[in-house]
Amino acid sequence: MSNTSQASQRITALLDENSFVEIGARVTARATDFNLKQTETPSDGVVTGYGVIDGNLVYVYSQDASVLGGSIGEMHAKKITNLYDLALKVGAPVIGLIDSAGLRLQEATDALNAFGQIYAKQVAASGVIPQITAVFGNCGGGLAIMPTLTDFTFMEEKNAKLFVNAPNALDGNYTQKCDTAAAAFQSEEAGIVDVVADEATVFAKIRELVAMLPANNEDDASFEECTDDLNRACADLENCVGDTAIALSNISDNNVFFEVKENFAKEMVTGFIKLNGVTVGAVANRTEVYDEEGKKAAEFDAVLTGKGCEKAADFIKFCDAFEIPVLSLTNTKGFEATVCSEKGIAKSVAKLTAAFAGATVPKVNVIIGKAFGSAYVAMNSKAIGADITMAWPNAEIGMMDAKLAAKIMCDGQDADAVDACAKEYADLQNNVESAARRGYVDQLIDAADTRKYVIGAFEMLFTKREATLAKKHATV
């Protein structure tokens, strides 16, 4: 490497030892306005090159805040777009390490044009190669669009700042009141950030993620030899109906689970597991969150929320683009019902429905709790394209809760009549056996055997091919 700047040190910390090869180390700014010619701009404020993570080729750029604040000028951007060109030719992920003051004011329209060229490359690469961004310092203004154009965003927990408008520029707000640029806000409220951690942990988590992802959208080698028992029973899985993050970890090979957007819309779990060595994307409803000490930290109603649906929809679209099979764990009885949620819930559920229905990868749904109404339909039901649907024996599938249905059907009748109707409705309509008899459920399985059956289903679906109608793209 040409220097030992913090930008270079970050690359060294991320990649396998001695694997980094720098490209464009001699590039400097061409602009001369405002005395820039007299200012040394080594590498023009960004270190670019390639290396490996656990033997997997990756392309990396790392911004150098010691050179004009890591600001993006014409040559700085050209180095990043050139890196994208190489990555697209070869078919390997791009990882960006962000620490920048933003656009280089001295280069004005040249910088603006260069900025736009980075956006264009990111859009072209979307769905072709995985794109990962990690924010370590400032990432403000137009620069904030860069991580949101990529697939996964990591953020250092203390010093990183991600914002379009600085907190102090927002009417009625200031940093001390609500730090809208902080990692906590961007991960918990905005839902832009997948992982928040200290710098060393960010690098470790990026390495973990890269190992689970295919190199590109045509790579069929994103699997490894499984050292776990394929028929391993998960004895306590039935107790994980509430916290499905724990359930997913239990059924995964060697309990590997990489959760994405963990701090956002916690009532919907998204992440990657391994099943017989193959990476599978998992989407699951959640009603409880347990901390590392086994104590209940949060509780939610079993309903679909706008934020949860959009989180899941984005994740499913990524999986579909990169031919990653999708597993869903369904436990929902309806939709969030508040004045606030009503503003966008229909559109959000539409996006979730479209994501599941439009995905042509192998799709398996396991109904682990309640599956009521159109909320169940949207959660990867057979009706919208699930290839295999399984259910645990105690699952309930139907139009609505039996008591509520009885109250509607027996309006005006006494309590005994309503109770009798509710029991009959539960037996006839909400019983999982009833759904299986109608063909809406393919297999009734014991919770403990979920791992075995899900692995079998995905193995059977491995060569799935699905023809779709000719069109440019959907509009949902």
Side-chain angles (χ1 to χ4, degrees), residues 183-191 193-196 234-252 255 257-271 273 282-315 327-345 348-349 352 365-380 391-398 400-404 426 430 432 447-448 450:
F185 182 89
Q186 292 296 340
S187 63
E188 297 166 19
E189 301 296 329
V193 177
D194 293 281
V195 175
V196 175
C234 306
D236 298 322
L237 202 64
E238 199 168 3
N239 298 328
C240 302
V241 171
D243 196 341
T244 44
I246 298 172
L248 291 168
S249 175
N250 279 349
I251 66 173
S252 180
N255 305 119
F257 177 45
F258 190 100
E259 189 171 355
V260 299
K261 290 186 171 45
E262 181 181 359
N263 298 326
F264 179 70
K266 292 184 178 183
E267 66 279 0
M268 183 73 82
V269 179
T270 54
I273 61 174
V283 175
N285 305 122
R286 174 163 56 185
T287 58
E288 297 171 333
V289 178
Y290 286 87
D291 60 24
E292 293 176 358
E293 297 175 359
K295 295 177 181 176
K296 191 186 291 186
E299 198 167 0
F300 312 102
D301 203 7
V303 294
L304 295 184
T305 66
K307 287 181 177 180
C309 288
E310 299 212 11
K311 169 182 171 178
D314 288 344
F315 180 76
L327 168 69
S328 56
L329 303 183
T330 297
N331 177 25
T332 182
K333 61 181 184 180
F335 306 111
E336 183 180 25
T338 67
V339 172
C340 184
S341 69
E342 196 64 19
K343 296 174 184 175
I345 188 76
S348 299
V349 176
L352 177 66
N365 185 29
V366 183
I367 300 168
I368 62 172
K370 298 182 188 302
F372 291 159
S374 46
Y376 148 61
V377 175
M379 268 301 294
N380 197 23
W392 291 356
N394 294 330
E396 298 176 65
I397 306 171
M400 62 180 69
D401 179 79
K403 286 185 179 179
L404 184 59
N430 284 3
V432 70
T450 302

* Dump the intermediate steps for side-chain contact (heavy atoms from CB on, under 4.5 Å) on W392 and V241, then the final yes or no. => CA-CA 10 Å; W392 291 356; V241 171; 3.5 Å; yes
I need the [X] [atom1] to [Y] [atom2] distance, nearest 0.5 Å.
{"X": "F300", "Y": "K266", "atom1": "CZ", "atom2": "NZ", "value": "6.5 Å"}
{"X": "M268", "Y": "K311", "atom1": "CE", "atom2": "NZ", "value": "8.5 Å"}
{"X": "I368", "Y": "T332", "atom1": "CD1", "atom2": "OG1", "value": "11.0 Å"}
{"X": "D314", "Y": "T270", "atom1": "CG", "atom2": "OG1", "value": "9.5 Å"}
{"X": "S252", "Y": "I273", "atom1": "OG", "atom2": "CD1", "value": "5.0 Å"}
{"X": "N250", "Y": "L237", "atom1": "CG", "atom2": "CG", "value": "6.0 Å"}

Residue pair [X] / [Y]: nearest heavy atoms and the distance that separates them:
{"X": "A378", "Y": "V349", "answer": "CB-CG1, 3.9 Å"}
{"X": "E310", "Y": "S348", "answer": "OE2-OG, 3.0 Å"}
{"X": "G306", "Y": "I345", "answer": "N-CD1, 3.4 Å"}
{"X": "L352", "Y": "A312", "answer": "CD1-CB, 3.7 Å"}
{"X": "V432", "Y": "A395", "answer": "CB-O, 3.6 Å"}

For residues [X] and [Y], determine if any side-chain heavy atom of one lies less than 4.5 Å from a side-chain heavy atom of the other.
{"X": "T330", "Y": "V366", "result": "no"}
{"X": "D301", "Y": "T287", "result": "no"}
{"X": "F372", "Y": "E396", "result": "yes"}
{"X": "V283", "Y": "N380", "result": "no"}
{"X": "F264", "Y": "K307", "result": "yes"}
{"X": "N365", "Y": "M379", "result": "no"}

* To do: Could you tell me which residues satisfy salt bridge (charged side-chain N to carboxylate O under 4.0 Å, His left out) with K261, sequence neighbours excluded, listed by chain and number?
  =>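 Testing K261 for salt bridge (charged side-chain N to carboxylate O under 4.0 Å, His left out), a comparison that skips the adjacent residues, returns D194.
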* Asked: Step by step, would you call F258 with V195 a side-chain contact (heavy atoms from CB on, under 4.5 Å)?
  -> CA-CA 10 Å; F258 190 100; V195 175; 4.2 Å; yes
* **Evaluation steps, salt bridge (charged side-chain N to carboxylate O under 4.0 Å, His left out), between R286 and E262** => CA-CA 12 Å; R286 174 163 56 185; E262 181 181 359; over 6 Å; no
* Below 4.0 angstrom, N of the basic side chain to O of the carboxylate: do K296 and D291 qualify? -> no
* Asked: Does T338 offer a backbone N or O that forms a donor-acceptor pair with the side chain of S341 under 3.5 Å?
  ->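 Checking the backbone N and O of T338 against the side chain of S341, a donor-acceptor pair under 3.5 Å is found.
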* Asked: So, does T305 use its side chain to make a donor-acceptor pair with the main chain of G308 at under 3.5 Å?
  ->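 Side chain of T305 to backbone of G308, a donor-acceptor pair under 3.5 Å: yes, one is there.
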* To do: Apply side-chain contact (heavy atoms from CB on, under 4.5 Å) to the pair N285 and L329, showing each step before the final yes or no.
  => CA-CA 6 Å; N285 305 122; L329 303 183; over 6 Å; no
* To do: Kindly write out the residues that satisfy ring-ring contact (aromatic ring centres under 6.0 Å, His included) with Y376, not counting sequence neighbours, or none if the list is empty.
  => none
* Please walk me through it: do F335 and V303 pass side-chain contact (heavy atoms from CB on, under 4.5 Å)? -> CA-CA 5 Å; F335 306 111; V303 294; 5.6 Å; no
